[in-house]
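What follows is a short report on a single structure.
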Amino acid sequence: MLVSIVVPCMNEEQSIPHLLERLTKVIEPWKDSAQIILVDDGSSDDTWKLISEASARIPQLVGLKLSANRGHQIALTAGLLAAKGERIFMLDADLQDPPEVLGDMMLMMDRGYDVVYGRRVSRRGETVFKRFTAYVFYRLLNLLSDVPIPKDTGDFRLISRRALDAVLSMPERARFVRGMFAWAGFNQIGLEYERDPRAHGVTKYPFRAMLRFAMDAVTSFSISPLRFATRLSFFSLFVTLMMSLYVGGSLVLHNTAPGWASTLLAVSFFSGIQLLTLGIMGEYIGRLYVEVKNRPLYFVSDEVGETLSSNTDKPS
Ligand code: UDP
Ligand code: MG
């Protein structure tokens, strides 16, 4: 049975030697039927050089170089499209998720599961801020989302060919991969593990990228923010009613013109609500625009190793 391992890499020159060392050990039991796919997501350091050099040494290694940085989830998708395995294992290049659990995940999959995802019981070496935002993110996402998305899981998981084919058949551009697997269904189970600190280098997810990722996740899996706009407008109508009572009352009782303060209050309150509503609409319209353009997700500018070229040069 062929096992493919997919790893997106962006500026990971420090991690790659250690990653390959551990991965080659991990694939020992499946030596002749394993495939390691490293996707270089438009790195500006020596990542690609290291990948192509290593491919001369490691016959199971396949390298793909994207023509520009497309982001973690797209790089992952590129690797998944190139994967030939019957089972596919995905992880990050920074070794935060221990590749050694592959054995356990394989055993679980033998019991008939299609997706065995890793669930972090602890996240050592990550900032309080990152842990806090991640905690809030997964809970908020589940509150809003129409499909339950397993909490505290990343893309670290082993998947079966049929689960992967299901996800690859989804045409959307905004790819929130772990949510797409949750939506696809099949038999899923979590496996608990301890998340290690990043072994080398710094995070490739600055706050802005995290925010974009969270926005993609929420808008791909929920339309409740759009409904929220409607609810908000009910609320603002209610406030208007109350205000008109107050204004009307003070006109009759005190026989004075209502003050500028209430006018100002009303104007700023309602323009705030309008801007918020417009913003929510804008998020979705922007995404509609991107989906409608239907551009290819990425281009492969270089390949090393034995690739299934008919599969890799044409995303979706
Ligand atoms: N990554 C990528 N493209 C990007 C950003 C990140 O391919 O634009 C890769 C990165 O090399 C790593 C994985 O995605 O293998 C997760 O990134 P990172 O570990 O920096 O994120 P964190 O764990 O800090 O959230
Ligand atoms: Mg990481």
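What you see below is based on every heavy atom in this structure, not just the backbone, and it leaves out hydrogens, waters and symmetry mates. First listed ligand is number 1; within each ligand, the first listed atom is number 1.
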Transitively linked via ILVMFWY side-chain contacts under 4.5 Å: Trp183 with Phe181?
-> yes
Any protein N, O or S atom under 2.8 Å from the Mg ion (ligand 2)? Found Asp94 OD2, Gln96 OE1
Heavy-atom donor-acceptor pair, Arg178 side chain to Arg157 backbone, under 3.5 Å | no
Examine Arg139 relative to Tyr135 and say whether NZ or CZ is less than 6.0 Å from the centre of the six-membered ring and inside a 45° cone about the ring axis.
-> yes
Cut-off 3.5 Å, side chains only: do Gln14 and Asp45 have a donor facing an acceptor?
-> no
Distances under 3.5 Å, N/O of ligand 1 against N/O of the protein: list each pair and its distance.
unit_1	atom_1	unit_2	atom_2	d
ligand 1	3 (N)	Asp41	OD2	2.6
ligand 1	3 (N)	His72	N	3.4
ligand 1	8 (O)	Asp41	OD2	3.4
ligand 1	8 (O)	Asn69	ND2	3.2
ligand 1	11 (O)	Met10	N	2.9
ligand 1	11 (O)	Glu12	OE2	2.6
ligand 1	15 (O)	Pro8	O	2.8
ligand 1	15 (O)	Ala93	N	2.9
ligand 1	19 (O)	Asp94	OD2	2.5
ligand 1	19 (O)	Arg198	NH2	3.1
ligand 1	20 (O)	Arg198	NH2	2.9
ligand 1	20 (O)	Lys204	N	2.5
ligand 1	23 (O)	Gln96	OE1	2.7
ligand 1	24 (O)	Thr203	OG1	2.5
ligand 1	25 (O)	Lys130	NZ	2.6

Could you verify whether a donor N or O on one side chain and an acceptor N or O on the other, from Thr219 and Arg287, lie under 3.5 Å apart?
-> yes
Ignoring hydrogens and angles, state whether a donor on the side chain of Gln35 or Ser4 is under 3.5 Å from an acceptor on the partner side chain.
-> yes
Should the pair Phe176 and Phe213 be assigned to parallel (<30°), tilted (30 to 60°) or perpendicular (>60°) ring geometry?
-> perpendicular
Determine the interplanar angle of the Phe129 and Phe207 rings, folded into 0 to 90°, and report it as parallel if under 30°, tilted if 30 to 60°, perpendicular if over 60°.
-> tilted
Is it the case that Ser145 and Asn142 place a side-chain donor and acceptor less than 3.5 Å from each other?
-> no
